[in-house]
Peer 1: 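This is the structure I want to talk about, given as structure tokens.
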Amino acid sequence: MATRLPNQTFRPNSHLSITSQQSKLTGISFRPVKLPRNAKLALKCSLVDSSTTESVGGDIKKLVDFLYEDLPHLFDEQGIDPTMYDEKVKFRDPITKHDSISGYLFNIALLKKLFTPDFQLHWAKQTGPNEITTRWTMIMPFVILPWKPELVFTGTSVMGINPKNQKFCSHLDYWDSIKNNDYFSVEGLLDVIKQLRPYKTPDLETPKYKILRRTAFYEVRKYFPFVIVEKKGEKLAGSSGFNDVAGYIFGKNSTKEKIKMTTPVFTQAFDNEQSNISIQIVLPSEKDLSSLPEPELEALSLRKVEEGFAVVTKFSGKPTDEVVAEKEKSLRRAVIRDGLKPKEGCMLARYNDPGRTWSFILRNEVLIWLDEFTLE
């Protein structure tokens, strides 16, 4: 399966969204941010009277720090600290709702039973006088199904705070992958069902990455540096040159060393016209350029791929030139529409041996590198 690094969190400066009148009451200066489309629901779900002028004040920083420490334990043996939540805490996500701490904890326990969740907290910050927002990624292999599909959700949680006792009284989740985040969201249910389809990912090492955002059309991943052996190819969906790059890891190198197999096989177009194609095999992460033997063939070269951000779309079936071209076109159109800046060219990732894997469970991906990406 895909290799990802352990969760790492960072603490950005707070960006606050409060009216000028509330700012005068709290003595804090605020910057506006865009609120979720169903922000009114947050007020309805909160136990705090929206007309109150009472504020948690300076203690909210302690609650932000608490979330940084507590939320990474959401699905481990330690678990979250339930004493920091109101007895009647209101929880909502697009397909689930609970109105008590017991229901809240039951939902966590159910997810642990059905999945093996990996919760990654990216940031937490104050977004109102009695409100903290977090951004996260949750990866959930569905262990009770034989093919163990991996469900991925990214989004934000708006945490309402009761100023009377400084406990969390509401928790509202907003998924990046859907537009309608109101409970009960049919769109949210369909998003879950869509992710249950089978893909076959070989049990081999892959380049390390973290999923930062998942929309309805693509993932944004942060790839960490990796090393490849490559040769000039002919077509993005072709296999010309594969035997030569595979030969390198099978021992056709200066020390006759046999190197562990990895996945996927990449083909990369370095320009939009696809006039310059490379076929690549990723080398194991314990290898670096200084420790690798030289290729026997002059046409092969070793190269380190630096850390970067990529948008990725996944699909099954045979990755023909026509299919890959359409996937690349749709992906580029979607990321430009969302305000991202894609680089020229693209990559095709093929994870399976097509001669030994049914077409409908093949895992293929089209990747486009980004000039930059900021997780907001």
Side-chain angles (χ1 to χ4, degrees), residues 1-3 150 197 199-202 204-209 211 214-215 217-246 248-249 261-283 299-301 303-306 308-336 340 342-371:
M1 42 183 312
T3 308
E150 188 175 85
R197 63 149 301 152
Y199 284 101
K200 182 175 177 58
T201 302
L204 298 170
E205 183 181 356
T206 71
K208 293 180 174 63
Y209 64 84
I211 301 172
R214 174 185 165 267
T215 74
F217 305 104
Y218 59 83
E219 293 176 356
V220 179
R221 297 177 184 171
K222 179 181 180 180
Y223 274 91
F224 296 87
F226 58 94
V227 177
I228 60 170
V229 57
E230 65 180 335
K231 182 186 180 183
K232 186 175 180 60
E234 294 180 359
K235 292 183 177 181
L236 192 61
S239 58
S240 175
F242 173 76
N243 289 338
D244 290 333
V245 291
Y248 173 81
I249 66 172
M261 181 80 74
T262 63
T263 193
V265 173
F266 286 122
T267 43
Q268 182 171 6
F270 293 92
D271 55 29
N272 291 339
E273 292 73 30
Q274 300 187 10
S275 62
N276 183 10
I277 303 289
S278 165
I279 188 164
Q280 310 163 358
I281 286 182
V282 179
L283 300 175
L300 298 185
S301 61
R303 177 165 62 92
K304 180 181 178 182
V305 179
E306 299 295 342
F309 300 99
V311 288
V312 183
T313 185
K314 184 189 299 184
F315 63 101
S316 62
K318 187 175 180 181
T320 63
D321 286 317
E322 293 76 15
V323 169
V324 174
E326 183 56 38
K327 296 293 182 183
E328 189 274 340
K329 182 179 178 182
S330 298
L331 178 59
R332 187 174 295 275
R333 185 167 53 238
V335 299
I336 291 174
L340 303 179
K343 292 184 177 181
E344 278 198 66
C346 67
M347 298 177 72
L348 170 64
R350 288 172 280 189
Y351 284 80
N352 315 101
D353 180 347
R356 299 181 180 181
T357 310
W358 290 329
S359 176
F360 73 94
I361 60 172
L362 288 174
R363 178 181 172 182
N364 309 303
E365 294 175 343
V366 169
L367 299 82
I368 300 176
W369 292 105
L370 297 174
D371 276 331

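These values consider heavy atoms only, across backbone and side chains, with no hydrogens, waters or symmetry-generated copies.
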Peer 1: Between Ile368 and Arg332, is there a side-chain heavy-atom distance shorter than 4.5 Å?
Peer 2: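 Yes, side chains in contact.
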Peer 1: If you count every heavy atom of other residues, nucleotides or ligands that lies below 6.0 Å from Lys314 atom NZ, does the total exceed 12?
Peer 2: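 Atom NZ in Lys314 is crowded, with more than 12 foreign heavy atoms closer than 6.0 Å.
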Peer 1: Heavy-atom distance under 4.5 Å between the side chains of Phe217 and Ser330, does that happen here?
Peer 2: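 Side-chain contact under 4.5 Å: no.
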Peer 1: Looking only at non-hydrogen atoms, find the nearest pair between Leu370 and Val220 and report the distance.
Peer 2: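 Closest heavy-atom pair between Leu370 and Val220: CD1-CG1, 4.4 Å.
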Peer 1: Looking at Arg221 and Glu365, is any side-chain nitrogen of the basic one under 4.0 Å from a carboxylate oxygen of the acidic one?
Peer 2: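 Yes, this pair counts.
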Peer 1: Determine whether a donor-acceptor pair (N or O, by modelled atom type, separation under 3.5 Å) exists between the side chain of Asn364 and the backbone of Gly317.
Peer 2: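 Such a contact is found between Asn364 side chain and Gly317 backbone.
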Peer 1: In terms of the angle between their ring planes, are Tyr223 and Tyr209 parallel, tilted or perpendicular, with boundaries placed at 30° and 60°?
Peer 2: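 Aromatic pair Tyr223/Tyr209 classed tilted.
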Peer 1: Indicate the atoms forming the closest heavy-atom contact of Arg350 with Thr263, along with that distance.
Peer 2: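 Looks like O-OG1, 4.2 Å.
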Peer 1: Where do Leu348 and Leu236 come nearest, in terms of heavy atoms and distance?
Peer 2: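 Shortest heavy-atom separation between Leu348 and Leu236 comes out as CD2-O, 3.5 Å.
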Peer 1: Can any side-chain N or O of Thr262 pair as donor or acceptor with the backbone N or O of Val282 at less than 3.5 Å?
Peer 2: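 Checked: pair present.
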Peer 1: Assess whether side-chain contact (heavy atoms from CB on, under 4.5 Å) is satisfied between Phe315 and Val323, documenting all intermediate values.
Peer 2: CA-CA 10 Å; Phe315 63 101; Val323 169; 3.8 Å; yes
Peer 1: Within the 4.5 Å heavy-atom criterion, are Lys235 and Ile277 side-chain neighbours or not?
Peer 2: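 The answer is no; the side chains never approach within 4.5 Å.
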Peer 1: Is there a side-chain contact between Leu367 and Phe266 in this structure, where contact means two heavy atoms from C-beta onward sitting under 4.5 Å apart?
Peer 2: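 When only atoms from C-beta onward are counted, Phe266 and Leu367 do touch, with a gap below 4.5 Å.
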Peer 1: Just do the side-chain contact (heavy atoms from CB on, under 4.5 Å) check on Ile281 and Tyr248 with the steps written out, would you?
Peer 2: CA-CA 9 Å; Ile281 286 182; Tyr248 173 81; over 6 Å; no
Peer 1: Where is the tightest heavy-atom contact between Ile228 and Leu283, given as atom of each residue plus distance?
Peer 2: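 Smallest interatomic distance, heavy atoms only, reads C-CD1, 4.2 Å.
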Peer 1: With a 4.5 Å limit on heavy-atom distance, are the side chains of Pro225 and Lys304 in contact?
Peer 2: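 Contact flag for Pro225/Lys304 side chains = yes.
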Peer 1: About how many Å separate OG of Ser278 and CD of Gln268, when rounded to the nearest 0.5 Å?
Peer 2: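 OG of Ser278 is found 6.5 Å from CD of Gln268.
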Peer 1: Pro342 versus Ile336: any side-chain heavy-atom pair under 4.5 Å?
Peer 2: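 Yes, their side chains come closer than 4.5 Å.
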Peer 1: Can you sort out the partners of Arg214 under salt bridge (charged side-chain N to carboxylate O under 4.0 Å, His left out), two or more places apart, ordered by chain and number?
Peer 2: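 In terms of salt bridge (charged side-chain N to carboxylate O under 4.0 Å, His left out), with neighbours along the sequence ignored, Arg214 is linked to Asp191.
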Peer 1: Where do Thr357 and Asp353 come nearest, in terms of heavy atoms and distance?
Peer 2: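 Nearest pair, atom of Thr357 first, then Asp353: OG1-O, 3.0 Å.
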Peer 1: Test of understanding: with salt bridge (charged side-chain N to carboxylate O under 4.0 Å, His left out), list the residues that count as partners of Arg303, not counting sequence neighbours.
Peer 2: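 Partners of Arg303 under the salt bridge (charged side-chain N to carboxylate O under 4.0 Å, His left out) test: Glu230.
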Peer 1: So which atom in Pro264 and which in Ala349 form the shortest heavy-atom distance, rounded to 0.1 Å?
Peer 2: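 Smallest heavy-atom distance, with atoms named: CG-CB, 3.7 Å.
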Peer 1: Could you tell me whether the side chains of Ser316 and Arg197 share a donor-acceptor contact shorter than 3.5 Å?
Peer 2: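 Yes.
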Peer 1: Can you tell me how far apart OG1 (Thr201) and CZ (Arg363) are? Round to the nearest 0.5 Å.
Peer 2: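 The distance works out to 4.0 Å.
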Peer 1: For Asp271, enumerate each residue passing the salt bridge (charged side-chain N to carboxylate O under 4.0 Å, His left out) test, keeping only those at least two apart in sequence or located in another chain.
Peer 2: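 Expected list: none.
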Peer 1: To the closest 0.5 Å, what do you measure between CG (Leu204) and OH (Tyr351)?
Peer 2: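 Those atoms lie 11.5 Å apart.
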Peer 1: For the residue pair Gln280 and Val245, establish whether any side-chain heavy-atom pair is separated by less than 4.5 Å.
Peer 2: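 Contact flag for Gln280/Val245 side chains = no.
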Peer 1: Please round to the nearest 0.5 Å and tell me the distance separating atom CG of Leu331 and atom OH of Tyr218.
Peer 2: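 Interatomic distance, Leu331 CG to Tyr218 OH, rounded to 0.5 Å: 8.0 Å.
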Peer 1: Determine yes or no for a side-chain-to-main-chain donor-acceptor pair under 3.5 angstrom, with Asn352 supplying the side chain and Lys200 the backbone.
Peer 2: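 A pair under 3.5 Å: yes.
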Peer 1: Take atom NZ of Lys232 as the centre, draw a 6.0 Å sphere, and report whether it contains more than 12 heavy atoms from other residues, nucleotides or ligands.
Peer 2: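 More than 12 within 6.0 Å, yes.
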